[in-house]
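In what follows, a structure is listed as C-alpha cells, so that the remarks can point back to it.
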Amino acid sequence: MTATLTPPAADPAASVRAGAVPRRRTRLLALPEVRWAGAAAALFLLALPLQLAGAPAWIWGPLYALSYVTGGWEPGWEGLKALKGRTLDVDLLMVVAALGAASIGQVMDGALLIVIFATSGALEALATARTADSVRGLLDLAPATATRITADGTEQTVPADELAVGDTVLVRPGERVGADGRVLDGASEVDQASITGEPLPAAKEPGDEVFAGTLNGTGALRVRVERDASDSVIARIVRMVEEASETKAPTQLFIEKVEQRYSLGMVVATLAVFGVPLAFGEAFSEALLRSMTFMIVASPCAVVLATMPPLLSAIANAGRHGVLVKSAVAMERLGRIDAVALDKTGTLTEGTPRVVDVRPLRARGLDEVELLTLAAAAERPSEHPLARAVVDAARERGLDLPAAEGFMSAPGIGVRAVVGGRTVQVGAPARLLAEAEVEVEAEVEAKCAADAGGDTDGVVAALVRELEESGRTAVLVVVDGTPAGVLGIADRLRPDAAATVAALTVLTGTAPTLLTGDNPRAAARLAAEAGIEDVRAGLLPQDKVGAVRELEGAGRRVMVVGDGVNDAPALAAAHIGVAMGRAGSDLALETADAVIVRDELAAVPATVALSRRARELVVQNLVIAGVFIAGLVVWDLAGTLPLPLGVAGHEGSTVLVGLNGLRLLRDAAWKRAAAEWTG
C-alpha cells in the first residue's frame with residue numbers, strides 16, 4: 001500500500017491558483033463608444049457651468065457643438081445606415097430631436113440628450129465586450145500544451161489543439177486535462193465542477209471519462225483522446241453561449257413595440273404641420289414655429305420617461321439590496337417570467353461539502369468526538385475538499401487536533417497518518433476495505449455483529465449503504481487496521497432555499513425545476529428538502545440548455561438561476577438568467593442578466609416582485625403621458641399653442657412621469673416586494 005502513496009503538494013497556494021479560471025478584461029478606453037461618450041460628457045460638463053455663469057455664447061457654444069459632434073456622430077451614422085435600409089432607427093431620431101431642440105434655442109437640452117444617449121450606447125458596448133472576454137477566458141481553461149506519449153513510450157510536449165483521436169496523453173498531478181478522453185491507466189480525483197457542477201472531485205480510474213480543462217488531483221493519469229479539441233465539452237460550451245446570445249430574440253421594452261410606427265407618424269405629421277399651412281399662404285416663420293411646437297409636444301420624451309424611470313429606479317433599489325440587474329430590459333423581463341429552473345450546487349446549496357453524519361462503530365469503543373478528532377487530525381495536511389470538510393467540522397465543535405505524523409495520500413483511496421501512536425486511514429470505504437487483510441476484516445465483523453445482536457450483513461456496509469442512499473458521500477475511518485466509523489458528507493441546503501422555492505411557486509404559478517449535473521440520489525435528497533418535485537440530474541451543459549428550450553417550447557418564459565461555467569449556456573438561452581455572485585464563475589456572471597451580489601437566494605423572488613411593480617408604474621406613466629401629448633397636440637392643431645406653454649406642458653408631463661417612476665427608489669418599495677411573496 002505504501003508504494004501507491006504520495007506526499008502532499010508542497011505548495012497549497014499553487015493548487016488554488018491552478019484551479020482558478022483565467023480572467024480577461026477589455027480595457028475601458030479600448031472601446032471607441034466609451035471614448036466618444038466620455039469626450040461628449042466632458043465637453044458638456046465644461047460648457048454647462050460657463051453658460052450658467054453668464055459667459056458669452058461664443059465661449060460655451062463651441063463646447064456644446066463639439067459635444068453634439070463627439071456624442072452624436074456615431075449614432076447618427078448608424079441611424080443613416082438604418083434609414084438606407086428603410087428602417088427609421090431610434091438613434092437617428094434622438095439626434096434629430098437634439099438638433100431640433102438646438103434650433104429653437106434649447107442647446108443645453110439637446111446636448112444633454114446626446115450625452116445620455118451616447119453613455120447608454122457605451123454601457124451596452126462594455127457589457128458586450130465583457131461577455132466576450134469571459135467566453136474567451138473559458139477557452140483558457142483548456143491547457144495550451146499536453147504531454148503526448150508516443151508509440152515507443154517517449155513523452156512529447158505538443159500543443160493541445162494538435163492532439164488527435166486515439167493519442168495517449170499523460171496528465172500529471174495538479175495539471176489540467178488536455179483533451180476529452182478515457183482513462184487508460186492510473187487513479188486520481190478530478191475536479192470537474194466547471195463541466196458538471198458537482199461540488200466534490202470525481203474519482204477516476206481506468207475506463208472513466210475525463211474532460212478537457214478539468215483539474216487533476218494528486219494521481220497521474222494516462223488518457224486516450226476521444227474527441228478533437230474543436231469538439232470538446234469546453235469548446236461546445238463556448239459555442240452554445242455564443243449561439244444562444246446571437247439567436248436570443250432582441251428584447252424590446254414596452255414602449256419600443258410601437259416605436260417605429262410612432263416615430264414615422266411623428267415625422268410625417270411634423271412635415272404636414274409645416275407644409276400644409278405654408279401651401280395655403282401662411283408665413284414661413286409662423287409655419288416653422290407651429291411645426292417645431294408640434295414636434296416638441298408630440299415628441300415621445302414623456303413616453304420614453306414613462307418606461308425608464310420605474311425600471312431604473314427598480315434597478316437602483318435592487319442594487320442597494322445586493323442584486324445587480326444589468327439593464328432596463330433585464331428588469332422588465334424579470335417581471336414576465338412564468339417558469340423557473342434552478343441549479344443545485346452553489347445555488348440551492350451552499351456549494352461547500354460539510355460533515356452531516358458521524359457514525360462510530362461501537363465495537364471499537366470510540367464515541368463521535370473521538371472518531372471525528374482522529375479523522376480530522378489525519379486529514380488536516382490534505383487539500384482535498386472532503387478533508388477540509390472533516391477538519392472544519394472538528395473546528396466547529398472546538399476540538400483540539402493532535403499532530404499527525406507520516407502523512408501519506410493515495411489518489412482515489414484516501415489518506416493515512418499516525419495520530420497519537422495510532423495509525424489512522426480516512427477514505428473511500430470500498431477501497432479501504434478491499435485493502436484490509438481478510439483475517440482482520442473477519443475479526444472486526446465478528447465483533448460488530450456480536451455487538452449488533454448477530455447482524456451478519458456487515459455493519460460497515462450497512463452504514464455506508466444507508467448514507468449513500470440518503471445522498472451523502474460516505475467516508476470510512478480505519479484505526480490500526482480495523483474500521484472505527486463512517487462519516488457522511490454532503491452539500492448543505494441554503495437556509496432560505498425552501499422559502500425561496502415556495503415564493504417562486506406563488507409568483508409563477510408552477511414549482512421550479514431542478515437542473516443539476518450532480519448524481520440523482522444527491523439531487524433527489526436536496527430537492528425533497530427544498531420542495532421541488534421536477535428533478536433532472538446528471539446533466540451536462542447541453543442537457544441544461546435542452547431542458548430550458550423544452551420549457552420555452554411549451555410557451556413558458558423561463559428564468560434560470562445558476563452559478564457555474566456549466567450553467568452559462570442555459571443562462572444565455574433562457575428568457576432571463578440570474579447568477580449567484582459569491583462563488584459564481586466569470587462566464588456565468590457575465591452571461592447572466594442579473595447577479596445576486598450578496599448571495600442571498602431570497603433576493604430572487606423579491607426582485608421579480610419589484611419588477612412587476614415597475615411594470616405597473618410603466619402603464620400608469622404611459623396613460624399620463626398619452627393624455628398630455630394628446631391634449632397639447634389638439635391645442636396646437638386646433639388653435640394657437642404658444643411655444644413657451646407647449647414646452648412647459650411637455651416638460652411638465654415629463655417631470656410628472658419621472659417623479660412617479662422614482663417612487664420605486666424608496667426602501668419601502670423593496671420591503672413591500674419582499675413581503676409580497678412571503679404573504
Side-chain angles (χ1 to χ4, degrees), residues 187-193 195-205 208 214-215 217-219 343-361 368 371-372 374-376 378-380 382-394 396 409-416 424-435 458-478 483-494 514 516-530 535 537-538 564 583:
S188 186
E189 290 174 326
V190 177
D191 181 355
Q192 51 189 35
I195 302 297
T196 66
E198 292 182 270
L200 302 175
K204 299 294 181 181
E205 53 189 22
D208 290 336
T214 54
L215 185 64
T218 56
D343 172 48
K344 183 181 78 69
T345 304
T347 301
L348 271 182
T349 69
E350 296 175 348
T352 304
R354 296 180 181 273
V355 175
V356 293
D357 288 286
V358 180
R359 303 285 188 88
L361 297 178
E368 290 188 8
L371 179 67
L372 186 58
L374 289 174
E379 291 275 31
R380 185 161 54 173
S382 175
E383 300 170 23
H384 195 283
L386 291 181
R388 290 196 293 270
V390 174
V391 175
D392 289 343
E396 287 174 3
S409 173
I413 299 176
V415 303
R416 183 179 67 181
V424 180
Q425 294 171 272
V426 186
R431 304 295 286 274
L432 289 181
L433 288 174
E435 293 209 356
V459 176
V460 174
L463 279 177
V464 170
R465 186 165 55 251
E466 177 188 344
L467 291 173
E468 291 181 345
E469 286 178 353
S470 63
R472 269 72 165 164
T473 297
V475 175
L476 178 64
V477 182
V478 176
V486 183
L487 306 179
I489 299 178
D491 194 2
R492 192 163 61 185
L493 197 69
R494 289 177 183 269
L514 181 63
T516 177
D518 210 346
N519 68 79
R521 285 184 303 191
R525 177 183 64 82
L526 265 298
E529 291 182 26
V535 180

Worksheet item: Has the side chain of Arg354 got a donor or acceptor atom that lies under 3.5 Å from a matching backbone atom of Ala393?
Response: no
Worksheet item: Does some side-chain heavy atom of Val390 sit less than 4.5 Å from a side-chain heavy atom of Val475?
Response: no
Worksheet entry | Derivation of the side-chain contact (heavy atoms from CB on, under 4.5 Å) call for Leu348 and Leu514 | CA-CA 9 Å; Leu348 271 182; Leu514 181 63; 3.6 Å; yes
Worksheet entry | Within-4.5 Å side-chain heavy-atom neighbours: Leu526 and Asp491 | no
Discussion item. Tell me the closest heavy-atom pair linking Val477 and Ala375, and the distance in Å.
Written reply: CG2-CB, 3.9 Å
Fill in: Spacing of Arg521 atom CZ and Arg472 atom CZ [to the nearest 0.5 Å]
12.0 Å
Worksheet item: How long is the span from the CG atom in Asp191 to the OG1 atom in Thr214, to the nearest 0.5 Å?
Response: 8.0 Å
Worksheet item: Do you know which two heavy atoms are closest between Ala490 and Arg525, and how far apart they sit?
Response: CB-NH2, 3.3 Å
Fill in: Nearest heavy atoms of Val535 and Ala527, plus distance in Å
CG2-CB, 3.3 Å
Discussion item. Please report the interatomic distance CD(Glu189) to CG(Leu386), rounded to the nearest 0.5 Å.
Written reply: 7.0 Å
Practice prompt. Working to the nearest 0.5 Å, report the span between CG of Leu374 and CD of Gln425.
Written response: 12.5 Å
Worksheet item: Side chains of Leu467 and Arg359: does their closest heavy-atom pair fall under 4.5 Å?
Response: yes
Item to complete: Tell me, with the steps shown, if Val464 and Leu476 meet side-chain contact (heavy atoms from CB on, under 4.5 Å).
Response: CA-CA 8 Å; Val464 170; Leu476 178 64; 5.7 Å; no
Worksheet, complete the sentence: Tightest non-hydrogen contact, residues Gly217 and Ser188, listed as N-OG, 3.5 Å
Discussion item. If you compare all heavy atoms of Asp208 against all heavy atoms of Ala203, which two are closest, and at what distance to 0.1 Å?
Written reply: OD2-O, 3.6 Å
Worksheet, complete the sentence: Looking only at heavy atoms, the pair that brings Ala537 and Pro520 closest together is CB-CA, 3.7 Å
Worksheet item: Asp392 side chain to Ala389 main-chain N or O, any donor-acceptor pair under 3.5 Å?
Response: no
Practice prompt. Supply the atom-to-atom distance Thr349 OG1 to Arg492 CZ, rounded to the nearest 0.5 angstrom.
Written response: 10.5 Å
Discussion item. When you measure from the side chain of Arg416 to the backbone of Ala378, do you find a donor-acceptor pair of N or O atoms at a distance under 3.5 Å?
Written reply: no
Discussion item. Just so I know, are the side chains of Thr473 and Pro353 near enough to count as touching, which here means a heavy-atom distance under 4.5 Å?
Written reply: no
Item to complete: Check whether any side-chain heavy atom of Leu361 sits under 4.5 Å from a side-chain heavy atom of Leu463, and report yes or no.
Response: yes
Discussion item. Let's go through Leu371 and Val358 carefully: what are the C-alpha distance in whole Å and the side-chain angles of both, what is the deciding distance for side-chain contact (heavy atoms from CB on, under 4.5 Å) to 0.1 Å, and is it a yes or a no?
Written reply: CA-CA 8 Å; Leu371 179 67; Val358 180; 3.9 Å; yes
